[in-house]
2 protein chains.
Amino acid sequence: MTANQLFKNICRKKSFLCIGLDTDIKKIPKHLLSEKKPIFEFNKAIVDATADFCVAYKLNIAFYESLGVEGWQALEETVDYIRHHYPDQFLIADAKRGDIGNTSEMYAHTFFEQFNFDAVTVAPYMGEDSVSPFLKYPDKWVILLALTSNKGAFDFQLTEDANGEKLFEKVLHRSMNWATSDRMMYVVGATKEAYFEKIREIVPNHFLLIPGVGAQGGDLEKVGELAINDQCGILVNSSRQILYASDSNLFYKAAAFEAQKIQQVMYAVLLKHGWVS
Amino acid sequence: MTANQLFKNICRKKSFLCIGLDTDIKKIPKHLLSEKKPIFEFNKAIVDATADFCVAYKLNIAFYESLGVEGWQALEETVDYIRHHYPDQFLIADAKRGDIGNTSEMYAHTFFEQFNFDAVTVAPYMGEDSVSPFLKYPDKWVILLALTSNKGAFDFQLTEDANGEKLFEKVLHRSMNWATSDRMMYVVGATKEAYFEKIREIVPNHFLLIPGVGAQGGDLEKVGELAINDQCGILVNSSRQILYASDSNLFYKAAAFEAQKIQQVMYAVLLKHGWVS
């Protein structure tokens, strides 16, 4: 999928919502635990109920890995299900990988061939040759960590070099030459509002994947105001607020309701820009 | 395992070798491909042949993940096999994980509970709260990336702040307070010899996990000379040189020969310090 195709999906669906499938066996409704495949059944119900309101799903690999073989199977079935039934969804493996070349190649193989993800999140600490193996796949994306939503972001990401350039700015500056804005996005936490202006100065054209709205405290309208570029250029992620809206038998309806609530705010933001009617 | 126990193993086995099980289905001897579990059979043969010459095994998770469910099973069987037959081996999950708290918790659960690893490699970019969930497990270790062996290490890790402190130095300075030297090690590439002195100034007591000897070009004796502390304090990793020493039916004997060759150099280094006789 190109950036332009993603923008068209955003306009068509009046949403720049990415739903994070951080599916936790301890948090899903109890009645699902008697199912043969509780994680997949939960995901399937959530996806069927919410696909109209979002343009992307982000699968947090940690949650699947932690269940071993069974989790790995649930991941595979979920990706296949979304690919088959909702082929317009942009599929993100939230894996935060990054290693020396021959190892990053293996991770790229996993997420782009073994699974058919569109994008994978990558940590920049090990530099260009840890990221480039992910960029060898045409039409696939790297979503590089820039400024994350958590408190620990202050430990290293905001460190200034002798010229006053912060580490996350250096990550943006360097990596924007590793691929075009059709192949590279950046993770920028919704809680780091103060830095959006600077980020848009450095990467005016790139999509940003923005987590941290909702449970982590970011404000959706403000983020929209500060981070949108001339082709929308943002995907805002919400996970827990949607997934665990209810633990009743009708959890998926509660999830749809939450997703639609967010989508309605996004619709208003998109309306202001004249991209939708 | 404590740092002191690890040091005792090093003295007893006259080796500070860590063998990296970067097991690649495309590189293992062809005759194994007709086995029901080729990856596990390869690992089992390598471990049985080399366990006398090393104190640790490092399993590169990327290589197992890339095979999907089958790879995950091979990982599980390999860890169980080593735990059962060679309980004195220090077991490292080379995963380079690191994410917001609730996600790092999941990764920690995977590697410390689902699998019974002693340690997991973690990337520092997201800061303290991305690392601390791994430190909640008593007797388990975090091995934090400091200065890696690859070319991309120069992209960000050597960036100096306004006070002349390099990023990897800041990572060491900050993180050394997150846990004692019984719970935290650092990855320092063998190819970054020029920085060992500075590293030992900052973290004199911590173990270093040193990859990059062999295929990546680092020199074992020099590394020993520069990085050893008063309780040895280093594990040097070798992967490809040992694993793929031969693709004949007797590949494991060739692997043992390579492992022993490295161990003999280590023995000489340990002798010089008077730790072994």
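The chains referred to below are lettered A, B, ... by the order of the sequence lines, with proteins before strands, and numbering in each begins at 1.
Within the 4.5 angstrom heavy-atom criterion, only backbone atoms of A:Leu67 (N, CA, C, O) approach chain B. Both the backbone and the side chain of B:Val171 come within contact range of chain A, each with at least one heavy atom under 4.5 Å from a heavy atom of that chain.
For the pair B:Lys151 and A:Glu128, the minimum side-chain heavy-atom distance is 4.5 Å or more. In this structure, the side chains of B:Glu65 and A:His109 stay at 4.5 Å or more apart for every pair of heavy atoms. Using a 4.5 Å cut-off on side-chain heavy atoms (C-beta onward), A:Thr110 and B:Tyr64 make no contact. B:Met106 places none of its side-chain heavy atoms less than 4.5 Å from the side chain of A:Ile61. Side-chain contact between A:Tyr125 and B:Phe168 is present, with heavy atoms from C-beta onward closer than 4.5 Å. In this structure the side chain of B:Arg97 reaches within 4.5 angstrom of the side chain of A:Arg97, judged on heavy atoms. A:Glu76 places a side-chain heavy atom less than 4.5 Å from the side chain of B:Val69.
Atom-to-atom distance recorded for A:Asp161:CG and B:Lys166:NZ is 13.0 Å, nearest 0.5 angstrom. The CZ atom of A:Arg174 sits 5.0 Å away from the CG atom of B:Asp155 when rounded to the nearest 0.5 Å. With values rounded to the nearest 0.5 angstrom, B:Thr148 atom OG1 is found 9.0 Å from A:Ile100 atom CD1.
Contacts with chain A were tallied for B:Gly98, B:Pro124, B:Gly71; B:Pro124 has the most, counting heavy-atom pairs under 4.5 Å. Across B:Glu105, B:Lys170, B:Glu165, B:Gln73, the residue that shares the most heavy-atom pairs under 4.5 angstrom with chain A is B:Lys170. Ranked by heavy-atom pairs under 4.5 Å with chain A, the first of B:Asn163, B:Leu145, B:Val131, B:Leu75 is B:Leu145.
In this structure, B:Asn150 contributes its side chain and A:Met126 its backbone to a donor-acceptor pair below 3.5 Å.
By the 30° and 60° cut-offs, the orientation of the rings of A:Trp178 relative to B:Phe156 is tilted.
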